[in-house]
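The chains referred to below are lettered A, B, ... by the order of the sequence lines, with proteins before strands, and numbering in each begins at 1.
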Amino acid sequence: MKWRKIEENLFRVLMFLATMLMGGVLILILIAIFKNGLPALTWEMLTQPPKGGYYFGREGGIANAILGSIYLSLGAVLCALVIALPVALFLNIHMKNHERWVHIIRFLMDTLWGIPSIVYGAFAFMVMIYLGMKASLLAGIITVALFILPIMIRSMDEVIKGVPEGLLEAGLSLGANRTEVAFKIFVRQCSTGLVTAILLSLGRAIGDAAAVIFTAGFSDRIPTSISQPAATLPLAIFFQLNSPIEEVKNRAYASAVVLTLIILIISTLSRYFSQKLKNH
Amino acid sequence: MLALSAKLFDMKIQQLKHIYRKTKDILTQGWMLAGLVVVILLPFVIGLGLYLKSHHIFTQYNFWELIGSTEWKPLSGKFGLYPFILSSLWITLIAIVIALPVALLSAIHLTTYAKAWVLKWVHPLIDILAGLPSVIYGIWGVIAVVPAVQSLALSFGIKVSGYSILAGGIVLAIMILPFILNILIEIFKSIPIELTEVTLSLGATRWQTVKKVILRKAMPGIISATGLGISRAFGETIAVLMVAGNVVKIPTGIFQPGYPLPALLINNYGEMLSIPLYDSALMLAAFILLLIVLFFNILGRYTIVRFEKSM
C-alpha cells in the first residue's frame, strides 16, 4: 500500500520535471542566443552588406543574408502556394468520393514531409549540374519550394478537411461548379487557416539551410535578379561561427538573434491567425 | 424586333458566359490534377534520381564493401561509408534514448494529471520549440552543450574538446522532443476517458492506471512516435554537424567525435566534381540516408494509421 503511494508521487515529480524541462530548455536557448548576440548587434549589421575584410572582423553587416533569406523564402512560398492550394482543394472537393485514394495520397505526403532537407538539397544539386545551371536564387527557390510543398499541402489539407460537409453541397446546388466552390467558397471559408499554413511553411523556408547550401550559393552582394547567387541567414550564421576570430563569432550570435526574432514573429502571427480560426 | 434582338443578344452573352465558366473549370481542374501528379511523383523521382546517380559506383565496388569499409579516402578511391553510418546511428540512438522518456512523462503529465490550462500554455511553447531553425539549436549546442559535455567528460577523467556524439545526441534530443511530444499528446488524448474512470473506480491509483492501462493501450502509438522521431533525427543536418566534431573515425565512446551521414554530404559537395566516382559515392550516401529515413518514417506512419483504426 505504501509502495503504491511512493511510486505515484515519484512519477508525479518526474512527470512534472519533464514538462518543466521543456519550457526550461526553450528559455535556456533564448537566453543563450540573446545574451551572446545582443551586445554584438548593431544597426550597421542590419543595414549593410559585408564590406572588404568583413570576415576578418572589419566593417559591414548581414543585410545580404537578411534580404537573401526574405527573397528566397517568399519566392519559395509563392511557388509552393501555386501548387499546394489547388492540390489541397482537389483532394477535399474533387476527390471527395475516392476516399481510399485520398488516404494513400495523404500517406505519401506525410512520407514526403519526412524526407530530410539535405536529401532535397542533394537531389536539386544533382539536377542543377545535369542541366548545367549555376547556383542561384532561382535554384534555391525551387529547391525550397519542393521542400515545403508537402508541409503546405498537408497543413492546408487539414484545414480544408474541417469545412462542414454541407457547404460543398449547398454550393453545387446553387449551380456553381466544383472549381468555383473550391476557390470562391472554400478558400474564403478557410482563409485564416490557410494563412496559418502559409506562415508555417514560411518559417520552415527561412530556417532551413541544408537544402540551399549548394543550390542558392552564397554571395556578399544583395541579389538583384533571380539568376544571381544569394546568401541566406542560416548559412551566414553557420559560416561566421566557423571563424576563429572572436569578433566574427559574435556576429554569428547577433545574426542568430535576427533569425530567432524573425521566426518568433512568424510563429506569433500564425498563433494569432489560428486563434482567430478557433473563434469562428 | 428590337426587343427580340436584345433577347437574342442576351442569350448569346449567357452562352458565352457558360462557355467561359466551363473552360475555366476544365483548365483549373487540369492544373490541380497536374499539381497532384507532380507531388505524387516527387518522392519516386528523388529516389530514382539518387539511385541512378549513385549506381555508377557499383561497377567498381560491391555494395556491402562500401557499407562495411571504414576507410574514407576519396583521393585514393576509398569510399567506406561505415564510420558515417555508425556515427549517425549512435547520435540518433542517444537522442531517442534521452527524448523518448522525457516526452512520454511530459505527455502523460499533460494529458492525465495536469489541468487543462497547463496544456493550453504548453502548446505554444512546443510550437515555438518545434519551429526554431536547426542552426539556432546548433549555435546553442556550441555555446552551452559542448562546454557542458567537455566538463562532464573531464569529471570522468577524459580530456576532449566536447565536440562529440554525446553533444550531437543531446542537441538532437532537444530538437525532436517537441515533435515526439506533439504526437504522443494526440495519442494519449485519443484514448477513451472511460478506461481511466473504470480503473480509478476499481481503486487503482492514477499511476497504476497509466502503467497498466493507458501505456498498454497506447503502445502502438508510442512505437509510431519513436519511429517518426528516429526518422526525423537521422536526417537532421546542420545542428548535428555543428557539434558532432566531424572526424572520420569509428566512435569508441560517447565523448568521442563522430561524423554523421548528412554532415558528410554538406562538407564534401563542393569538391566532389573533380575526383572520379566521388559524386557517385556521395549520392549513394544520400540514397542510403533517404532509405533509412523512409524506412522508419513509413514504419511510424503505418503503425499510427493502424492505431487510429483500432481506436
Side-chain angles (χ1 to χ4, degrees), chain A residues 4 7-8 11-12 14-16 18-19 21-23 25-26 28-29 32-33 36 83 86-87 89-90 94 105 107-112 114-119 122-123 125-127 146 149 153 177 179 203 206-210 213-214 234 237-238 241 252-253 256 259-260 263-264 267 271, chain B residues 21 24-25 28-29 31-33 35-36 38-40 42-43 46 49-50 53 102 105-106 108-110 113 122 124-125 127-129 131-136 139-140 142-144 174 177 181 205-208 231-232 235-238 242 262 265-266 269 283 286 289-290 293-294 297-298 301:
Chain A
R4 256 176 43 161
E7 195 185 348
E8 168 93 23
F11 274 96
R12 234 168 216 247
L14 278 180
M15 280 188 257
F16 182 72
T19 308
L21 179 77
M22 231 199 27
V25 160
L26 178 62
L28 276 181
I29 292 177
I33 300 283
N36 284 284
I83 298 179
V87 169
L89 288 167
F90 193 84
H94 297 72
I105 293 170
F107 190 88
L108 207 64
M109 223 64 79
D110 284 338
T111 317
L112 201 55
I115 295 179
S117 64
I118 178 81
V119 173
F123 174 72
F125 184 60
M126 197 183 75
V127 174
L146 289 180
L149 195 54
I153 293 180
N177 56 40
T179 311
I206 287 190
D208 184 73
I213 190 161
F214 293 102
I237 296 171
F238 182 60
L241 193 70
Y253 301 140
L259 182 60
T260 311
I263 294 290
L264 286 181
S267 84
R271 185 138 285 280
Chain B
R21 276 179 59 197
K24 209 166 131 189
D25 183 31
T28 320
Q29 281 198 37
W31 177 249
M32 289 165 140
L33 204 61
L36 189 62
V38 167
V39 176
I40 290 175
L42 191 58
I46 291 178
L50 291 180
K53 194 70 197 168
V102 175
L105 286 171
S106 180
I108 295 170
H109 178 245
L110 290 170
Y113 283 83
V122 171
L125 289 186
D127 284 350
I128 292 175
L129 214 49
L132 282 183
S134 60
V135 72
I136 299 292
I139 265 205
W140 175 69
V142 173
I143 295 174
I174 306 291
L177 183 60
L181 187 56
T205 62
R206 260 192 188 272
W207 175 251
Q208 280 176 323
S231 92
R232 172 60 63 95
E236 183 42 55
T237 312
I238 297 283
M242 286 163 85
L265 286 170
I266 287 261
Y269 256 88
M283 286 304 162
L289 180 66
L290 178 71
V293 168
L294 280 186
N297 199 319
I298 291 175
R301 295 269 170 229

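Only the side chain of Ile263(A) comes within contact range of chain B, with heavy atoms under 4.5 Å apart. Residue contact with chain B, scored on non-hydrogen atoms closer than 4.5 Å, involves the side chain of Leu264(A) exclusively. Leu241(A) touches chain B through its side chain: at least one heavy atom from C-beta onward sits under 4.5 Å away, while N, CA, C and O do not. Residue Asn297(B) touches chain A through its side chain alone, counting heavy-atom pairs closer than 4.5 Å. Both the backbone and the side chain of Ile118(A) come within less than 4.5 Å of a heavy atom in chain B. Both the backbone and the side chain of Leu50(B) come within contact range of chain A, with heavy atoms under 4.5 Å apart. In this structure, chain A has heavy atoms under 4.5 Å from both the backbone and the side chain of Val102(B). For Ala144(B), no part sits under 4.5 Å from any heavy atom of chain A, backbone or side chain. With a 4.5 Å cut-off on non-hydrogen atoms, Ile40(B) touches chain A through its backbone and its side chain both. Using a 4.5 Å cut-off between heavy atoms, Leu14(A) touches chain B through backbone and side chain atoms alike.
For chain A, the option among Ile298(B), Leu177(B), Val122(B) with the highest count of heavy-atom pairs below 4.5 Å is Ile298(B). With chain B as the partner, the residue from Ser117(A), Gly203(A), Ala210(A) showing the most heavy-atom pairs under 4.5 Å is Ala210(A). Put simply, of Ile46(B), Leu36(B), Thr28(B), the one with the most heavy-atom pairs under 4.5 Å next to chain A is Ile46(B).
Note that CD1 of Ile33(A) and CD1 of Ile136(B) are 4.5 Å apart. Values are rounded to the nearest 0.5 Å. For the atom pair CH2 (Trp140(B)) and CG (Asn36(A)), the distance works out to 13.0 Å, reported to the nearest 0.5 Å. In this structure, OH on Tyr253(A) lies 6.5 Å from CD1 on Ile139(B), to the nearest 0.5 angstrom.
In this structure, the side chain of Glu8(A) engages the main chain of Arg206(B) through a donor-acceptor pair within 3.5 Å.
Note: Trp207(B) and Phe11(A) have parallel aromatic rings, judged against thresholds of 30 and 60 degrees for the angle between ring planes.
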